[in-house]
Amino acid sequence: MISVAGYELDDGLAYDAEHNLWVQRLSAAVVRVGYDPLGAEATGDIVAISLPAVGSEVESGAPLATIEAAKFVGPLPAPVGGTVLAVNDALVGLPGAINADPYGSWIVELGGVSGEDMNGLVSGVEPVSRWFVDAVARYRAQGVIAE
Amino acid sequence: MTAAAQQLRVIDAGSVTAWRSQALWHGIADAMGGADAPVLSLCRPAEPYVGIGYHRRLDELDLPACVRLGLPVLRRQLGGGPVYLDSDQLFFQLTLPVGRAPRAVARLYAELLAPAVAALRALGVPAQLAGTNDIVAGDRKLSGTGAGQIGEAVVLVGNVMFGFPHERMSEVLAFPDESMRTEYLELLRDEIGTLPDLDPACVKQQIVDSYAAGLDAVPVLDGLRADELSAIERWEARLRDPAWLAGPALASTSGRQVKVRAGTWLYAGAREGVDVRVRVRGGRIDRAAVSAPSLNGLAARLAQTLVGADADPAVVAARLAGFELDGERVLAALAPGLVVR
């Protein structure tokens, strides 16, 4: 773990920089996806989540799940494309776990993930730190998170 | 800024079916591209119906009562609880590309509801925004609102109620018993207000003017594009689809919580033989009942201790701490009712 801009980040994971999602590679083409701490905070208190059907296909950027937080319903975009291999059903009954423990709350497991999609993610201590510092500053400037 | 972005397309759909009143803005959002001008759509449902939020369970409704009353139930792709909707309500919906909407939800509601508040104030109603997204005047909520992302667009929906059948609203919800329904109806009558003296045409014009001013855009009365109409028709079909109505897989809920407005709700819960019922107003428990044979006469004191507490788990836990194990049991029964959706 590394500390960046007041957040503890897992530097062993890759990140979707646009949507603040972590991507954990389980094997060559299988990953798990979840919100990073900034994404969980910016989304607000999550009161409901609906998950995709196992076996469904999703393209990178397409809605992977639907989140309801802070009186707003919106899609959780897929950071990479693939086939849904598993979903974390426990979150349906306890969606607030994502806010409480973002790294412990994986949302979806995807298979058949391409190397090209993975290459589009941010990884490595230096790139992750640079990106995250900028993201925090941007979110603060936009009023998405508190100063 | 492009010329298109300086326009506010105004689509007045007039009086429409229940399904069109929902499909209208779902479809407009679905068809919206990132460079499109914002759209303010307006309509009034010609027939009464019940709307339910995307992540809410159908068993919150008294479905046999809905059938008996001839009320279709439509699930929207926005949040919030069940609502009764009819021709006494003017619906307004602002749809704009995601990139043009504030990213912070609190700011989104504040910025995008400000024109609606301004419109009502211009009509002499002392409206203001309360909580995150309630429009109120005095102690009464005047407008239910919600927001979400559909496709590449953000939609904010709201209504202006010229009349509201409080009793009918209480009839369409499911309650564990009639006393809770009665209590809910009392709260509705106290806290949900209407604007019967306003002229709907004036309200509509004022909303258009206020949103145009708020967005610094020129309002242009427009019809639906072909792609919007296609999307609306797809949504009409979806809204009628039983699978869509059933909704996503949701966890069963503990107890029964019924919200009236921000800070005001009822909850009835039970756990391990302890029944707890509370009424929350202004974010504070103002009525409580506890019952459990095993409490050996402590129930009344436990209930009394809850009254006056902020409806916050930590505050309630602190209040009940002196009762040790019995307090913990009451808290366990009550805790799901302190999380407001």
Side-chain angles (χ1 to χ4, degrees), chain A residues 18-20 38-54 56 59 61-77 84 86-100 107-108 135-147, chain B residues 26 29-30 52-57 75-81 98-99 101-113 131-134 144-158 243-244 246-254 257 259 262 313 335-336 339-341:
Chain A
E18 188 180 351
H19 302 110
N20 284 96
L38 180 59
E41 181 180 344
T43 299
D45 291 339
I46 298 173
V47 297
I49 182 169
S50 44
L51 299 165
V54 171
S56 59
E59 292 180 10
L64 182 59
T66 303
I67 302 276
E68 183 167 345
K71 300 180 185 296
F72 188 91
V73 171
L76 169 72
V84 177
V87 295
N88 187 353
D89 280 324
L91 294 179
V92 174
L94 199 60
I98 296 171
N99 298 108
I107 298 171
V108 170
V136 169
R138 190 174 66 252
Y139 278 32
R140 284 191 174 136
Q142 293 172 343
V144 178
I145 58 172
E147 290 289 337
Chain B
H26 282 87
D30 232 348
I52 188 165
Y54 186 72
H55 284 114
R56 300 303 280 264
R57 294 168 59 89
R75 186 180 292 279
R76 59 187 179 269
Q77 195 172 315
L78 291 186
V98 170
R103 187 157 181 179
V105 174
R107 184 177 287 183
L108 180 145
Y109 277 114
E111 287 186 17
L112 302 187
L113 283 177
T132 303
N133 65 332
D134 278 353
T145 71
Q149 182 181 338
I150 297 174
E152 297 303 316
V154 163
V155 192
L156 172 106
V157 305
W244 172 264
L250 300 170
S252 60
T253 50
S254 181
Q257 182 187 62
K259 188 178 162 192
V339 178
V340 188
R341 294 183 57 187

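Within 6.0 Å of CD in B:Glu111 there are more than 12 heavy atoms belonging to other residues, nucleotides or ligands. Residue-environment remark: CG (A:Asp45) stays at or below the threshold of 12 foreign heavy atoms within 6.0 Å. At most 12 non-hydrogen atoms from other residues, nucleotides or ligands lie less than 6.0 angstrom from CD of A:Glu59.
Within the 4.5 angstrom heavy-atom criterion, atoms from both the backbone and the side chain of B:Arg103 approach chain A. Proximity to chain A (any heavy atom under 4.5 Å) is restricted, for B:Val154, to the side chain, taken from C-beta onward. Residue B:Leu108 touches chain A through its side chain alone, counting heavy-atom pairs closer than 4.5 Å. With a 4.5 angstrom heavy-atom cutoff, B:Ala249 touches chain A only via backbone atoms. In this structure, no portion of A:Ile145 lies under 4.5 Å from any heavy atom of chain B.
Side-chain atoms of B:Tyr109 come within 3.5 Å of backbone N or O of B:Ala147 as a donor-acceptor pair. With hydrogens and angles disregarded, no donor-acceptor distance shorter than 3.5 Å links the side chain of A:Asn20 to the backbone of A:Leu38.
Among residues 61-69 of chain A, the residues having any heavy atom closer than 4.5 Å to a heavy atom of chain B are, in sequence order, A:Thr66, A:Ile67, A:Glu68.
Side-chain atoms of A:Pro75 and B:Gln149, non-hydrogen and from C-beta on, do get closer than 4.5 Å to each other.
Smallest separation of non-hydrogen atoms from A:Ala97 and A:Leu91: CB-CD2, 4.1 Å. Minimum interatomic distance between B:His55 and B:Arg75 (heavy atoms only, all atoms of both residues): N-NH1, 4.3 Å.
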